[in-house]
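Residue numbers start from 1 in every chain, and the chains themselves are labelled A, B, ... in the order their sequence lines are given, proteins ahead of strands. Quick caveat: nothing in here was measured; it's all calculated off a predicted structure.
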Amino acid sequence: MKIATWNVNSIKARMHAVTAWLEEAKPDIACLQEIKTVDDAFPLMEIEALGYNVAIHGQKSYNGVAILSKLPFDEVSPRLPGDDEDEQARYLEVVVSGKDGPVRVASIYLPNGNPVLDDPMESPKYTYKLDWMARLKTHAAELLKNEDPLILAGDYNVIPRAGDTHDPKAWWGDALYRPETLQAFQALKYLGLTEMFEQFDGRDGQYSFWDYQGGAWPNNLGIRIDHLLLSPQAADKAKGIVIHRHVREGQKPSDHVPVVGEFNL
DNA sequence: ATGACCGATTGCATCGGA
């Protein structure tokens, strides 16, 4: 089973690239982020025509996540628990039936968190990010009790290691790469989750995002921020991970590329 | 790491993104 994550930066503006990639890569499950639309305006028919079931947790203009799956959904749950006031559509979880039982998959759009002001703990966007990461940890701990394969896939807006950016000194202090962020990411992993790229590849300089600005793509000034986190039961069935870098070369590309994990599930 | 981007909006600039 191939399970992918991709921040598409608007599903409507990206349909040409999304359909081309689905036909080429044939993921069984694709977790999408930043669909930037309400559920009703999602181009459902075109995706279903390619053989996918679609779960959507959308929002007007910003954020929004979706999961496309060749297998039918046994369960669909939008929203990350822990804050009923949180209106931002950044989390969607589904369960499908794999060949050995249930497989739980989440599409995650973790807050960016910038700007970080002089006092990080007085920076509203940054504290929202840290709060969100704490909620994700609490929820992941709950899900891990199931002892079923669990894949938390998404745009984490976290640069895990110095080798995951072209210029660690320039990025240090940014909301994506600073002590509190890395500590929260590490705390998530200490629950027993495996970061799939770290496990199966681990090379430096393997990016999943290049800014539209400043010649970032032609100069390969990227960062790796799109990740798959695996429960032990998912890690046991994991076979490998590939970053679909070539997708960034297409017409009107997203600034992120798909990251695809393969599993014996 | 932003002089030179991109997308959404009810817009003819502003915001958010990373």
Exercise. For A/Ala25, does its backbone N or O pair with a side-chain atom of A/His244 as donor and acceptor, under 3.5 Å?
Worked result: no

Seminar exercise, completed: Taken to the nearest whole Å, OH/A/Tyr212 to C1'/B/dT2 is 16 Å

Exercise. Is A/Ser231 reaching over with its side chain to a backbone N or O of A/Leu144, donor-acceptor style, under 3.5 angstrom?
Worked result: no

Problem set entry | NZ on A/Lys12 to NZ on A/Lys36, rounded to 0.5 Å | 11.5 Å

Exercise. Nearest nucleotide by nearest heavy atom, which residue falls closer to the 5' end of DNA chain B, A/Ile35 or A/Ile225?
Worked result: A/Ile35

Exercise. Distance between the P atoms of B/dA1 and B/dA13, in whole angstroms?
Worked result: 30 Å

Exercise. Using a cut-off of less than 4.0 Å, is there contact between a side-chain N or O of A/Asn9 and OP1 or OP2 of B/dA8?
Worked result: no

For this session: Please determine, for the side chain of A/Lys125, which listed nucleotide (B/dA18, B/dG17, B/dA8) has the closest atom?
Result: B/dG17

Problem set entry | Whole-Å distance separating the CG atom of A/Asp211 from the P atom of B/dA1 | 11 Å

For this session: Measure the distance from CD on A/Gln59 to P on B/dA8 and round it to the nearest whole Å.
Result: 14 Å

Exercise. OH of A/Tyr126 versus C1' of B/dG16: gap in Å, rounded?
Worked result: 19 Å

For this session: For A/His166, report the nucleic acid contact type (base, sugar-phosphate, nothing); a contact means any heavy atom under 4.0 Å.
Result: base

For this session: Take atom CD1 of A/Ile223 and atom C1' of B/dA1, then tell me their distance rounded to the nearest Å.
Result: 11 Å

Exercise. For the pair made of NE2 in A/His256 and C1' in B/dC6, what is the distance, rounded to whole Å?
Worked result: 12 Å

Problem set entry | Sidechain N-carboxylate O distance under 4.0 Å for A/Glu195, A/Arg224 | yes

For this session: For B/dG7, take OP1 and OP2 only and decide whether either is under 4.0 Å from a side-chain N or O of A/Lys252.
Result: yes

For this session: Please work out if A/Asn7 contacts a base, only the sugar-phosphate, or nothing of the nucleic acid, heavy-atom cut-off 4.0 Å.
Result: sugar-phosphate

Exercise. Quick one: does A/Asp164's side chain have a donor or acceptor within less than 3.5 Å of a partner on A/Arg161's backbone?
Worked result: yes

Exercise. For A/Gln251 and B/dC6, what is the distance between atoms CD and P respectively, to the nearest whole Å?
Worked result: 12 Å

Problem set entry | ring pair (Phe, Tyr, Trp, His ring centres under 6.0 Å), paired with A/His256, selected from A/Trp6, A/Trp21, A/Phe209 | A/Phe209

Exercise. What class does the angle between the rings of A/Trp172 and A/Tyr177 fall in, given that below 30° is parallel, 30 to 60° is tilted and above 60° is perpendicular?
Worked result: perpendicular

Problem set entry | Residue-phosphate contact under 4.0 Å: A/Arg14 side-chain N/O, B/dG7 OP1/OP2 | yes

Exercise. Can you tell me if A/Arg248 uses its side chain to pair, donor with acceptor, with the backbone of A/Trp217 under 3.5 Å?
Worked result: no

Exercise. Rounding to the closest angstrom, what is the interatomic distance between B/dG11 and B/dC6 at atom C1'?
Worked result: 16 Å

Seminar exercise, completed: Taken to the nearest whole Å, CG/A/Leu221 to P/B/dA1 is 8 Å

For this session: Write down the distance separating the C1' atoms in B/dG3 and B/dA8, rounded off to the nearest Å.
Result: 24 Å

For this session: Would you indicate which nucleotide in B/dT10, B/dG17, B/dG7 comes nearest to any side-chain atom of A/Lys60?
Result: B/dT10

Problem set entry | Short side-chain N/O contact from A/Arg90 to OP1 or OP2 of B/dG17, under 4.0 Å | yes

For this session: Say whether, by atom type as modelled, one donor and one acceptor occur between the side chain of A/Ser208 and the main chain of A/Asp226 under 3.5 angstrom.
Result: yes

Problem set entry | C1' spacing across the pair B/dG16 / B/dT2, given as an integer number of angstrom | 15 Å

Problem set entry | Under 4.0 angstrom between A/Ser10 side-chain N/O and B/dC6 OP1 or OP2 | no

Exercise. Toward the 5' end of DNA chain B, which comes first, A/Phe209 or A/Gly214, by nearest nucleotide?
Worked result: A/Gly214

Exercise. C1' atom, B/dC5 versus B/dT10: distance in rounded Å?
Worked result: 23 Å

For this session: Answer yes or no: does a side-chain N or O of A/Asn157 lie under 4.0 Å from OP1 or OP2 of B/dA18?
Result: yes

Problem set entry | Within residues 106-114 of chain A: residues closer than 4.0 Å to DNA chain B (heavy atoms) | A/Tyr109, A/Asn112

Exercise. Where the side chain of A/Asn9 meets the backbone of A/Ser254, is there a donor-acceptor pair that is under 3.5 Å apart?
Worked result: no

For this session: Identify whether any heavy atom of A/Asp167 sits under 4.0 Å from a base atom; if not, whether one sits that close to sugar-phosphate; answer base, sugar-phosphate or nothing.
Result: sugar-phosphate

Exercise. Does a donor on one side chain sit under 3.5 Å from an acceptor on the other, for A/Asn114 and A/Lys129?
Worked result: no

Exercise. Stems in DNA chain B: runs of 3 or more consecutive Watson-Crick or G-U pairs, distances under 3.5 Å?
Worked result: B:5-9 with B:13-17

